[in-house]
There are 2 protein chains.
Amino acid sequence: MTSPGYDPAAYPPFAVTVDLVVLTLRGGVLHVLLVERGAQPWLGHWALPGGFVRPEESLDAAAARELAEETGVRDVPGHLEQLGSYGDPDRDPRMRVVSVAYLALAPDLPEPVAGTDAARAAWVPVADAQRRPLAFDHDRLLADGLERARAKLEYSPLAAAFCGPELTVADLRQVYEAVWGRALDPRNFHRKVTGVPGLLVETGRTRSEGRGRPATLYRLGDVRTLHPPITRD
Amino acid sequence: MTSPGYDPAAYPPFAVTVDLVVLTLRGGVLHVLLVERGAQPWLGHWALPGGFVRPEESLDAAAARELAEETGVRDVPGHLEQLGSYGDPDRDPRMRVVSVAYLALAPDLPEPVAGTDAARAAWVPVADAQRRPLAFDHDRLLADGLERARAKLEYSPLAAAFCGPELTVADLRQVYEAVWGRALDPRNFHRKVTGVPGLLVETGRTRSEGRGRPATLYRLGDVRTLHPPITRD
DNA sequence: GCTTATTCGCGTCAGGACGACGATAAAACC
DNA sequence: GGTTTTATCGTCGTCCTGACGCGAATAAGC
């Protein structure tokens, strides 16, 4: 709530940024979008992409804009949601910064383009990204984003955000296996996914991936929550 | 992430506040803490309590400080977690404000004290609070906080945050019924709650509420997640 | 063409959790 | 003592689960 007696001297202004945890699937492996910092502090370290919120844009709009800029794709398909805010007083030595983190899930995208403030940008396997120390508190942002994604796969159709508009049951299963880091029984997974009413709509066509029986092609239905959920235990 | 070429003219500063959705149980009815605004804008309207984040405190610390100030209790027992951030450009006509919302769950507390910037403060039944238009975008904050609380009761021991250190199964059930707004079968609820390993630890004593058989008194165990969950369907 | 490997999709089975509800236990109230 | 109230335990049929067998439909090798 905004106090009526706002005194700019007593409450110095904050800088507000958005940081993005962008996840995608490349060759069955979960990747996260990272940029290499080209300036102090944390010069040379890998960091999550992000930037300042502009005066006239909402937080969601700022996240969407940054996502498009950093991936080089105009309208990024997939999913974008707020993750949380991180504003410890010493997270940036230069000034007081509050960062609003966003989680993005996208299908496989082309190689990213480095922004003006980054030396380079790349898709990094999540396992590698978690091994190296990231800039600022981005280790925690990444961990929180991963946990959010893992939890949401259980009760939402969000796994489809990693796929194109038409997908097979095996596509979905590959997403779950990559995000959860665990193999799933193809037969039980097939039963559960096709058992959620309204989740998958048959297109009538099939897709052959080379070897094996062709898989039925589905479009995503309009359900928002999975009943019953796909549990991880 | 923070750009090296930060230009204060290009990126005017933001005010950062914390707003609190404080829920408690009073007489079996879910209440939320509201304050009546004593200044423009939204003078005379009810709003969620909150205030500015100070230069040297973290977001969590600011939320805890405001919670203590607005309730008048030094160390508020219960639970406090971040809900999300709300920063639409026009949410406050005076300046660009980003508000970090927090959700607090507390046992029954004394009547609140009005802060300096509020005409008065009161516990308001949630059903009443949702009927009147709250200041700023606080309708949405309240709705989001309620949904978060309802969802978290399913898979976390958070319902105990509404109770004291010693509680009965009926106490817990009353929390679930008040938050979900739905009657639950006492027998099935008892089986489910006592069936979660490590959730409830017997104290060996009982508590009599007047009529009826005395209930076993429990302390909360140290489980973080409920396996299996208490579902609402 | 025939076999083999591979993937897809369906079916079976036992175990566990569910909602609905009957039955018993231990207190207060009349 | 009898009734009411609340707590706790038990039963039953249904549904979801993981483990796993099996046929169907394709590509690759011979």
Side-chain angles (χ1 to χ4, degrees), chain A residues 27-28 153-155 159 163 166-178 180-219 223 225-233, chain B residues 27-28 153-156 159 163 166-178 180 182-219 223 225-233:
Chain A
L153 288 201
E154 292 197 67
Y155 55 91
C163 308
E166 298 193 330
L167 44 87
T168 67
V169 174
D171 291 340
L172 265 187
R173 181 168 49 86
Q174 198 182 32
V175 172
Y176 277 86
E177 291 184 334
W180 286 350
R182 205 186 95 186
L184 300 176
D185 186 292
R187 297 158 291 186
N188 291 335
F189 184 83
H190 186 279
R191 181 189 32 174
K192 288 164 86 163
V193 168
T194 56
V196 178
L199 177 61
L200 296 177
V201 183
E202 284 197 43
T203 63
R205 284 172 297 121
T206 62
R207 190 172 68 194
S208 183
E209 292 289 350
R211 23 181 201 291
R213 173 175 169 175
T216 309
L217 264 180
Y218 296 92
R219 285 182 302 102
V223 285
T225 52
L226 268 41
H227 281 297
I230 317 281
T231 51
R232 353 167 220 181
D233 261 343
Chain B
L153 289 201
E154 292 198 67
Y155 56 91
S156 80
C163 309
E166 298 193 329
L167 45 88
T168 68
V169 174
D171 290 340
L172 265 188
R173 182 167 48 85
Q174 199 182 32
V175 172
Y176 277 86
E177 291 183 333
W180 286 351
R182 204 186 96 186
L184 300 176
D185 185 291
R187 297 159 290 188
N188 290 335
F189 184 82
H190 186 279
R191 180 189 18 155
K192 287 163 87 163
V193 167
T194 55
V196 178
L199 177 62
L200 295 177
V201 183
E202 284 197 43
T203 63
R205 285 171 297 121
T206 61
R207 190 173 68 192
S208 182
E209 292 289 350
R211 14 176 211 298
R213 171 176 171 177
T216 309
L217 264 179
Y218 295 92
R219 286 183 301 98
V223 285
T225 51
L226 269 40
H227 281 296
I230 318 281
T231 52
R232 0 168 213 179
D233 262 343

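Scope of the values below: all heavy atoms of this structure, side chains included, with no hydrogens, waters or symmetry mates. Convention: sequence-line order gives letters A, B, ...; per-chain numbering from 1.
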Query - Heavy-atom pair of closest approach, residues B:L172 and B:A159 - result: CD2-CB, 3.6 Å
Report summary line: Hits for side-chain contact (heavy atoms from CB on, under 4.5 Å) against B:R207, two or more places apart or cross-chain, chain-then-number order -> B:T168, B:D171, B:E209, B:L217
Requested in this report: Walk along DNA chain C from 5' to 3' and tell me the first and last nucleotide with an atom closer than 4.0 Å to a non-hydrogen atom of chain A.
Outcome: C:dT6 to C:dT12
Requested in this report: Starting from P on D:dC9, measure out to CG on B:D185 and report it in whole angstrom.
Outcome: 15 Å
Query raised in the report: Considering all heavy atoms of both residues, which atom of B:P197 and which atom of B:H227 are nearest to each other, and what is their separation?
Result: CD-O, 3.6 Å
Grab the N/O contacts between the protein and nucleotides 14-18 of chain D below 3.5 Å, and write none if there aren't any.
residue : atom : partner : partner atom : Å
D:dT17  : OP1  : A:P229  : O            : 3.2
D:dG18  : OP2  : A:K192  : NZ           : 2.9
D:dG18  : N7   : A:R191  : NH2          : 2.9
D:dG18  : O6   : A:R191  : NH1          : 3.0

Query raised in the report: Can you name the salt bridge (Lys or Arg N to Asp or Glu O under 4.0 Å) partners of A:R232, sequence neighbours left out?
Result: A:E147, A:E154
Requested in this report: Considering non-hydrogen atoms only, spot the tightest contact between A:V175 and A:C163 and give its length.
Outcome: CG2-SG, 3.9 Å
Query raised in the report: Which atom names give the shortest non-hydrogen contact between A:V193 and A:I230, and what distance separates them?
Result: CG2-CD1, 4.1 Å
Report summary line: All heavy atoms of A:Y176 vs all of A:L226, minimum pair found to be OH-CD2, 3.9 Å
Query raised in the report: Okay, side chain of B:T231, backbone of B:D233: is any donor-acceptor separation there less than 3.5 Å?
Result: no
Query raised in the report: Any side-chain N or O of B:R173 under 4.0 Å from OP1/OP2 of D:dT6?
Result: no
Query - Partner residues of B:P214 under the side-chain contact (heavy atoms from CB on, under 4.5 Å) criterion, sequence neighbours left out - result: B:T206, B:S208
Report task. Determine whether any donor atom in the side chain of B:R187 lies under 3.5 Å from an acceptor atom in the base of D:dG10, or the reverse, and answer yes or no. Result -> no
Query raised in the report: Can you name the nearest heavy-atom pair linking A:Y218 to A:E202, along with the distance?
Result: CE2-CG, 3.4 Å
Requested in this report: Using atom NE2 of B:H190 as one end and atom P of D:dG10 as the other, report the distance to the nearest whole Å.
Outcome: 11 Å
Query raised in the report: Considering only heavy atoms, which members of residues 208-218 of chain B lie under 4.0 Å from some atom of DNA chain C?
Result: B:G210, B:R211, B:G212, B:R213, B:P214
